[in-house]
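These numbers were taken from a predicted model, which means no experiment stands behind them. Each chain gets a letter, A, B and so on, in the order its sequence line appears, and its residues count up from 1.
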Amino acid sequence: MSRLFALVDCNNFYASCERLFDPRLIGKPVVVLSNNDGCIIARSNEAKALGVRMGDPYFKCEKFLQAHDVAVFSSNYALYGDISSRVMALLRRLEPAVEVYSIDEAFLHLSAMAGGTLTAYGGQLRRTVLRWTGIPVSIGIGPTKTLAKVAGRVAKKNAALQGVFDISGADVDEILGRFAAADVWGIGRRLAERLALSGITTALDLKNCGDEWLRRNLSITGLRTAMELRGISCISLEECPVSRKSIASSKSFGCQVESLAALKEALATYVEQAAVRLRAQHALANSLEISISTNRFSKTTVPYSGRRVITLPEPTASTTVLINHALPALAGLYQPGLRYQKAGVVLFGLVPESHYQPNLFAGQDKKSGPLMAALDRINGKWGRCTIQHAAAGLTKPWRNRQQKKSAAYTTSWQELPVVKA
DNA sequence: TCTGGGGTCCTAGGACCC
DNA sequence: TCTGGGGTCCTAGGACCC
């Protein structure tokens, strides 16, 4: 009995989450915007049917959306993250081997059953997730992760399949022959262009490419993708979440920023946010990279982006230490007279707290551990900005826009939905 | 006026070492 | 004329994912 992969993919996840707490939106077009209300990053089926495209800048289609009575939301990650963990917890209850692949996708192992019953099982899984969490999902089943992804897409595109498709019980070549190479998992825009130049346009073409050619032109990852299309599993199920190798925090500003002082406040704020996640992972950072940039789309201003890597004298998880290294370096990147649009920080060279080897020559920082722990506890209990470093500023006029955000229905006592008042 | 954010992996090339 | 060879580590850049 061979093992199969199933991909469980939440349909239009963010839009579905918004609908959960506002049933008036059922049957209506819904879109969700990226941070800073910049681009469209999720669309309900009705919005897709109107021709609203993924990634379109909001300001360019705002009028169109209004004219078609589309419900528009800022992204509400507290809500989506919480609904995601409910879906994933349910899957773990139903199946022993689950890999949470992203906020809205999970891979499972299924054992092959005699013809047909696997599809029936998928249907049952789908109905259970819908009934327990309110989230509609599609399920693709195949002998490799890449084929399960193909199957999932087929399931989503063909209403007749009712959300489940098992490619292992189908004519694989016939399906791959009608599946664009550009839509294969692992083939992005650049590789798709490169493939097209060689006449490779379908997943079947890709599957049938010579190994040597694939290795040379698409690197080892491209060869692996082709092998997976042939039904040879190269990418296994990762059940244990691996700890992060880097932690980033970067955001566009809600308005143009010109002064070094404002940039410093923003950067200090992002360092704080990254450091909280660093400590949650019980890790220390050896290095950080800071960056600032102007609006890359602007035709009227000079494009500028600067980044600088800072190696710390010893690994740390202290917000104070990180800010103290980040801010002086920022002055070196800052060029007066420009209108900045974005700043960010990446913490990397992460090591587990428990593996820390103190540097003989660096001053040991004994107080910051308990101080940061207290800070995280207080902010965890009373809200993210209850206590913060003064360097992060108070008014934060550069903070990004989120004008259409729904309530944190499931994660904040103040924002619980009222059923009957 | 207004165009997201947070990750991973692979490769090529240079530095360095013996 | 003619200037080793092989290994490792690091980094920047490019590609991908959701």
- Query: Do A/Trp185 and A/Phe107 have their ring centres less than 6.0 Å from each other?
  - Reply: yes
- Query: What does nucleotides 6-13 of chain B look like as a protein-contact string, B for base, S for sugar-phosphate only, - for none, at under 4.0 angstrom between heavy atoms?
  - Reply: SSSSSS--
- Message: Is there a side-chain contact between A/Gln341 and the phosphate of B/dC2, meaning an N or O under 4.0 Å from OP1 or OP2?
- Response: no
- Note on the structure: Sequence neighbours excluded, the answer for salt bridge (Lys or Arg N to Asp or Glu O under 4.0 Å) partners of A/Asp56 is A/Arg53
- Task: Would you tell me if any nitrogen or oxygen in the side chain of A/Asn295 comes within less than 4.0 Å of OP1 or OP2 on B/dT3?
- Result: yes
- Item | Sequence neighbours excluded - salt bridge (Lys or Arg N to Asp or Glu O under 4.0 Å) pairs with any residue from residues 141-153 of chain A | A/Glu99-A/Lys145, A/Glu105-A/Lys149, A/Arg153-A/Asp183
- Given C/dC18, B/dG5, B/dG4, which nucleotide is nearest the side-chain atoms of A/Lys342? B/dG5
- To the nearest angstrom, how far is A/Lys299 atom NZ from B/dT1 atom P? 12 Å
For residues 331-345 of chain A, dump all side-chain donor-acceptor pairs below 3.5 Å to protein atoms at least two apart in sequence or in another chain.
unit_1   : atom_1 : unit_2   : atom_2 : d
A/Tyr334 : OH     : A/Glu258 : O      : 2.6
A/Tyr340 : OH     : A/Gln335 : N      : 2.8
A/Tyr340 : OH     : A/Gln335 : O      : 2.7

- Where are the stems of DNA chain B, defined as at least 3 consecutive Watson-Crick or wobble G-U pairs with both distances under 3.5 Å? B:5-18 with C:5-18
- Query: For A/Ile41 and B/dT3, what is the distance between atoms CD1 and P respectively, to the nearest whole Å?
  - Reply: 15 Å
- Are A/Ser252 and B/dT3 close enough that a side-chain N or O sits under 4.0 Å from OP1 or OP2? no
- Message: Can you pull out every salt bridge (Lys or Arg N to Asp or Glu O under 4.0 Å) where at least one residue sits in residues 31-52 of chain A? Sequence neighbours excluded, please.
- Response: A/Arg19-A/Glu46
